[in-house]
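Notes follow once the structure below has been shown.
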Amino acid sequence: QVQLVESGGGLVQPGGSLRLSCAASGSMFNLHAMGWYRQAPGKQRQLVAHITSGGSTTYAGRVKGRFTISRDNAKNTVYLQMNSLKPEDTAVYFCWISLGSWGQGTQVTVSS
């Protein structure tokens, strides 16, 4: 089973930036789609961004133009660059791989 470990969350002021990382164990990382989801308190987990094995990307409307998902297959890592952060981006962010595994989540708090 693939294990995913997220890092890079934290507290940032509105308008600031953070970069999340998700490192995957195991082989054949490059064959699988990856995604970032987020869950705010009292709300359902929602897709933020998705990247296929070939590098095609999809974004939720609320983050399009501000967030960028990318992957480094040599490092078995997927990234989420988050710019122009807003208080409504506050949530726990989870990494996902198309094998069905989830990371433990990393907290992102946007507040002044």
Side-chain angles (χ1 to χ4, degrees):
Q1 185 175 1
V2 175
Q3 291 188 329
L4 304 174
V5 179
E6 301 104 332
S7 60
L11 173 64
V12 63
Q13 292 186 342
S17 299
L18 282 175
R19 188 175 82 154
L20 306 182
S21 300
C22 172
S25 65
S27 60
M28 297 190 290
F29 168 83
N30 59 306
L31 299 181
H32 299 288
M34 303 287 296
W36 285 97
Y37 288 71
R38 67 186 183 188
Q39 187 167 16
K43 296 188 177 181
Q44 291 186 330
R45 192 173 297 188
Q46 296 180 326
L47 175 68
V48 174
H50 178 271
I51 186 166
T52 68
S53 58
S56 296
T57 58
T58 305
Y59 297 93
R62 293 184 177 183
V63 307
K64 192 174 294 184
R66 299 188 296 123
F67 292 10
T68 302
I69 188 171
S70 62
R71 62 191 299 161
D72 185 336
N73 291 333
K75 296 182 178 179
N76 277 18
T77 300
V78 63
Y79 303 97
L80 185 68
Q81 177 67 43
M82 305 185 294
N83 298 328
S84 302
L85 283 161
K86 305 175 181 180
E88 51 263 43
D89 294 318
T90 295
V92 178
Y93 284 69
F94 297 90
C95 180
W96 168 88
I97 189 169
S98 58
L99 289 168
S101 297
W102 293 87
Q104 81 286 355
T106 185
Q107 177 70 47
V108 171
T109 303
V110 184
S111 175
S112 55

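The residues of the chain are indexed from 1 along the displayed sequence.
- Phe94 is not connected to Ile51 by any chain of hydrophobic side-chain contacts under 4.5 Å among Ile, Leu, Val, Met, Phe, Trp and Tyr, and they are in different clusters.
- In summary, of the residues considered (Thr106, Asp89, Val108, Leu47), a side chain to side chain contact (heavy atoms under 4.5 Å, CB included) with Arg38 occurs for Asp89 alone.
- With rounding to the nearest 0.5 Å, the separation of NE2 in His32 from CG in Asn73 is 11.0 Å.
- Cluster annotation: Val12 is connected to Leu80 through the hydrophobic network of ILVMFWY side chains, with a link wherever side-chain heavy atoms come within less than 4.5 Å.
- Arg66 has its side chain within reach of Lys86: a pair of non-hydrogen atoms, C-beta onward, lies under 4.5 Å apart.
- For Arg71 and Phe29, the positive end sits near the middle of the six-membered ring, less than 6.0 Å away and at most 45° from its axis.
- Side chain of Thr52 to main chain of Ala33: no donor-acceptor pair is present (N/O by atom type, distance under 3.5 Å, no hydrogens or angles).
- Checked against the 6.0 Å centroid threshold, Tyr37 and Trp102 count as a close aromatic pair.
- Under a cut-off of 6.0 angstrom, the local environment of CD in Gln44 is sparse, with at most 12 non-hydrogen atoms contributed by other residues, nucleotides or ligands.
- When hydrophobic clusters are built by joining Ile, Leu, Val, Met, Phe, Trp and Tyr residues whose side-chain heavy atoms come closer than 4.5 Å, directly or via intermediates, Leu99 is grouped together with Val78.
- Of the inter-residue distances, the one linking Phe67 atom CZ with Ser84 atom OG reads 9.0 Å to the nearest 0.5 angstrom.
- At least one donor-acceptor pair closer than 3.5 Å links the side chain of Tyr59 to the backbone N or O of Ile69.
- Scanning all heavy atoms of the two residues, the minimum distance from Pro14 to Ser111 falls at CD-C, 3.6 Å.
- Residue pairs meeting the salt bridge (Lys or Arg N to Asp or Glu O under 4.0 Å) criterion with at least one partner in residues 74-83, sequence neighbours excluded, do not occur; the list is empty.
- Summarising the geometry of Ala40 relative to Thr90, their closest heavy-atom pair is CB-O, 3.8 Å, with the distance given to 0.1 Å.
- By the 4.5 Å heavy-atom criterion applied to side chains, Ser101 and Gln3 are not counted as neighbours.
- Between Ser25 and Asn76, the closest side-chain pair of non-hydrogen atoms is not below 4.5 Å.
- Residues Gln13 and Leu85 are not in side-chain contact: their nearest non-hydrogen atoms beyond the backbone lie 4.5 Å or more apart.
- Across all their heavy atoms, Met34 and Leu4 have their closest contact at CE-CD2, 4.2 Å.
- With rounding to the nearest 0.5 angstrom, the CD atom of Gln107 is 9.5 Å from the CG atom of Leu11.
- Looking at heavy atoms from C-beta onward, Met82 lies out of side-chain contact with Val63 at the 4.5 angstrom threshold.
- Under a hydrophobic clustering in which Ile, Leu, Val, Met, Phe, Trp and Tyr are joined whenever their side-chain heavy atoms come within less than 4.5 Å, directly or via other members, Leu20 and Trp96 fall into different clusters.
- Looking at heavy atoms from C-beta onward, Glu6 lies in side-chain contact with Trp36 at the 4.5 angstrom threshold.
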